[in-house]
Undergrad: 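This is the structure, below, for whatever I ask next.
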Amino acid sequence: MKFKFHSCMLLPVTQLVRRPFRCIRASGRLPSRSFMNLRELVSALNDFASLSLAESWDNVGLLVEPSPPHTVNTLFLTNDLTEEVMEEAVQKAADLILSYHPPIFTPLKRVTWKTWKERLVVRALEHRIGIYSPHTAYDAIPHGVNNWLAKGLGACTSVPLHPSTASSYPAEGTHRVEFCADNTEHLDTVLSKIKDIQGISCLTTLPARVEGEEQTRVSLNCSQKALLEVVALLSQNSRLYHKTEILLLQKPLLPHTGMGRLCTLSEPVSLSDIIERIKSHLKLPRIRLAMGMGKTLESPVKKAALCAGSGSSVLKGIEADLYLTG
């Protein structure tokens, strides 16, 4: 078997678990005392690379689960789960297959012996083998596939082409509403009604001076649904409504995390030199090259944009001297 990404897929997984646990390339049974519960292991895999980082179109995570409880003693790694690979996993008595590419992508309407993907599911369940796929979640993480590809370029700095955002907002709610009021009695009535709205949080009042007048500044966080009710309430008083500010809360960007990488080399090098570096890093005798108009093998490369996979959407509109994809 060939493991296209074995150098970045094998080592990190061994760091996921606290108990003694060893991954295998294609074979090797662990001692009976070294095992983990499947759900415990899946939780560790998800902690290593959150599935929320995967692209929305992707199918990641635990794809096939034998009936619980299921103990994992042997973890089988592969880039693509084919029928040949499945038979090897069966022979090695694997308990869980970690396949970089998801073998199940589009929904299955039936599980029969008719198509090879259906047969994979049948074989997995017959032999109580779980199937887990991280795919683009492993592309996005700081120490994932894209960063591993970037190392083949030589000394460079890299940033994600499409940074990932955190899965949650820094504070409760999706919006912040702020307004000022000068009538304390009327404000108490408004605040009482606001507190009755579901989805309101972080409600605060502070004294403020606006255009020389002492007023009260109100700030609150709310959900999208609650925002409509808050605006409807405030619109009943034109003075409050015209002094209202609505801020959209943004999910923070995650450092060094996201799809693709834009790499700036410390020193420009020729295209031919970059090709040799990439071949050496990937351990490939040859790679495919499409030369740009007016470019030669001696053309300098300072910026390279890369993406594991086709990269058609990730690399679109990005200016670089070299595009590494595939």
Side-chain angles (χ1 to χ4, degrees), residues 43 46-47 49-61 107 136-137 139-142 146 158-262 305 307 311-319:
S43 177
N46 293 345
D47 288 342
S50 173
L51 299 182
S52 64
L53 299 176
E55 294 284 71
S56 59
W57 48 261
D58 208 356
N59 190 31
V60 294
T136 53
D139 294 346
I141 55 178
N146 280 313
S158 67
V159 294
L161 292 172
H162 297 274
S164 298
T165 57
S167 57
S168 59
Y169 292 91
E172 294 183 55
T174 59
H175 294 77
R176 177 170 297 157
V177 179
E178 297 181 351
F179 61 90
C180 288
D182 53 9
N183 188 317
T184 304
E185 182 178 347
H186 178 65
L187 177 60
D188 290 340
T189 302
V190 172
L191 292 178
S192 177
K193 293 181 179 180
I194 287 177
K195 291 177 181 178
D196 290 335
I197 299 174
Q198 293 292 325
I200 299 296
S201 61
C202 304
L203 177 60
T204 60
T205 57
L206 294 171
R209 179 175 290 274
V210 180
E211 296 178 353
E213 295 183 3
E214 295 294 334
Q215 297 192 8
T216 300
R217 186 166 188 83
V218 180
S219 176
L220 60 93
N221 289 355
C222 62
S223 64
Q224 178 75 46
K225 182 180 178 181
L227 176 65
L228 301 177
E229 297 183 55
V230 172
V231 171
L233 175 63
L234 296 179
S235 64
Q236 297 173 14
N237 184 303
S238 60
R239 294 190 65 181
L240 287 182
Y241 185 71
H242 290 300
K243 295 180 180 179
T244 298
E245 297 178 355
I246 301 175
L247 307 174
L248 175 63
L249 299 179
Q250 298 286 343
K251 294 179 180 179
L253 296 179
L254 297 176
H256 315 297
T257 306
M259 294 302 161
R261 295 293 185 271
L262 182 61
C307 178
S312 57
S313 60
V314 176
L315 299 175
K316 186 177 181 179
I318 302 298
E319 293 187 7

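Count residues from 1 along the sequence.
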Undergrad: Side chain of H175, backbone of I246: donor and acceptor closer than 3.5 Å?
TA: no

Undergrad: Taking all non-hydrogen atoms of both residues into account, name the closest pair between S50 and A137 and its distance.
TA: O-CB, 3.7 Å

Undergrad: Could you pull out the closest heavy-atom pair between L53 and S164, with the gap in Å?
TA: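 In terms of heavy atoms, the two residues are closest at CD2-CB, 3.8 Å.
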
Undergrad: Looking at L247, L248, L253, which hits side-chain contact (heavy atoms from CB on, under 4.5 Å) with Q250?
TA: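 For Q250, the side-chain contact (heavy atoms from CB on, under 4.5 Å) check succeeds only for L248.
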
Undergrad: For L234 and Y241, which heavy atoms make the closest approach, and how far apart are they?
TA: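 Heavy atoms only, the tightest pair is O-CB, 3.5 Å.
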
Undergrad: Hey, could you give me the NE2/CD distance between H162 and E55, rounded to the nearest 0.5 Å?
TA: 8.5 Å

Undergrad: If you look at every heavy atom in L187 and A181, which pair is closest and at what distance?
TA: CD1-CB, 3.9 Å

Undergrad: Atom CG of L254 and atom CD1 of I141: how far apart are they, to the nearest 0.5 Å?
TA: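 Going from CG on L254 over to CD1 on I141, the span is 12.0 Å.
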
Undergrad: Can you confirm whether K251 is buried at NZ, in the sense that more than 12 heavy atoms of other residues, nucleotides or ligands lie under 6.0 Å from that atom?
TA: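 Enclosed: over 12 neighbouring heavy atoms sit under 6.0 Å from NZ of K251.
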
Undergrad: Keeping the roles fixed (side chain from N221, backbone from E172), state whether a donor-acceptor pair exists under 3.5 Å.
TA: yes

Undergrad: Closer than 3.5 angstrom, by distance alone: can the side chain of D58 be matched with the main-chain N or O of T136 as a donor-acceptor pair?
TA: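 Yes, the answer is positive, given that a donor and an acceptor are paired below the 3.5 Å cut-off.
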
Undergrad: Drop me the distance from S201's OG to L220's CG, to the nearest 0.5 angstrom.
TA: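 One gets 8.0 Å once the value is rounded to the nearest 0.5 Å.
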
Undergrad: Could you check T174 against L249 for side chain to side chain contact (heavy atoms under 4.5 Å, CB included), going step by step and ending with a plain yes or no?
TA: CA-CA 5 Å; T174 59; L249 299 179; 5.7 Å; no

Undergrad: More than 12 non-hydrogen atoms from neighbouring residues, nucleotides or ligands closer than 6.0 Å to CD on E178, yes or no?
TA: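 For E178, atom CD is crowded (more than 12 foreign heavy atoms under 6.0 Å).
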
Undergrad: I need the L227 CG to K225 NZ distance, nearest 0.5 Å.
TA: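 One finds 13.0 Å between CG of L227 and NZ of K225.
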
Undergrad: Side chain of S235, backbone of V231: donor and acceptor closer than 3.5 Å?
TA: yes

Undergrad: Go through the steps to decide whether M259 and C307 satisfy the test side chain to side chain contact (heavy atoms under 4.5 Å, CB included), and finish with yes or no.
TA: CA-CA 7 Å; M259 294 302 161; C307 178; 5.7 Å; no

Undergrad: Which pair of non-hydrogen atoms, one from I200 and one from I194, has the smallest distance, and what is that distance?
TA: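 It is CG1-O, 3.6 Å.
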
Undergrad: May I ask you to decide if P255's main-chain N or O and T257's side chain share a donor-acceptor pair within less than 3.5 Å?
TA: yes

Undergrad: Please check if the side chain of D182 supplies one atom and the backbone of Q215 the other of a donor-acceptor pair under 3.5 Å.
TA: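 Judged by distance alone, no pair lies under 3.5 Å.
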
Undergrad: Is the side chain of S223 donor-acceptor paired with the backbone N or O of A226 at a distance under 3.5 Å, no angle test?
TA: yes

Undergrad: Would V210 and K243 count as a side chain to side chain contact (heavy atoms under 4.5 Å, CB included) here? Give the steps.
TA: CA-CA 11 Å; V210 180; K243 295 180 180 179; 5.7 Å; no

Undergrad: Going from CD on E319 to CG on L262, what distance comes out if it is rounded to the nearest 0.5 angstrom?
TA: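 It comes to 10.0 Å.
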
Undergrad: Show the nearest heavy-atom pair for residues A208 and R217, with the distance to one decimal.
TA: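 For A208 and R217, the tightest heavy-atom pair comes out as CB-CB, 4.0 Å.
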
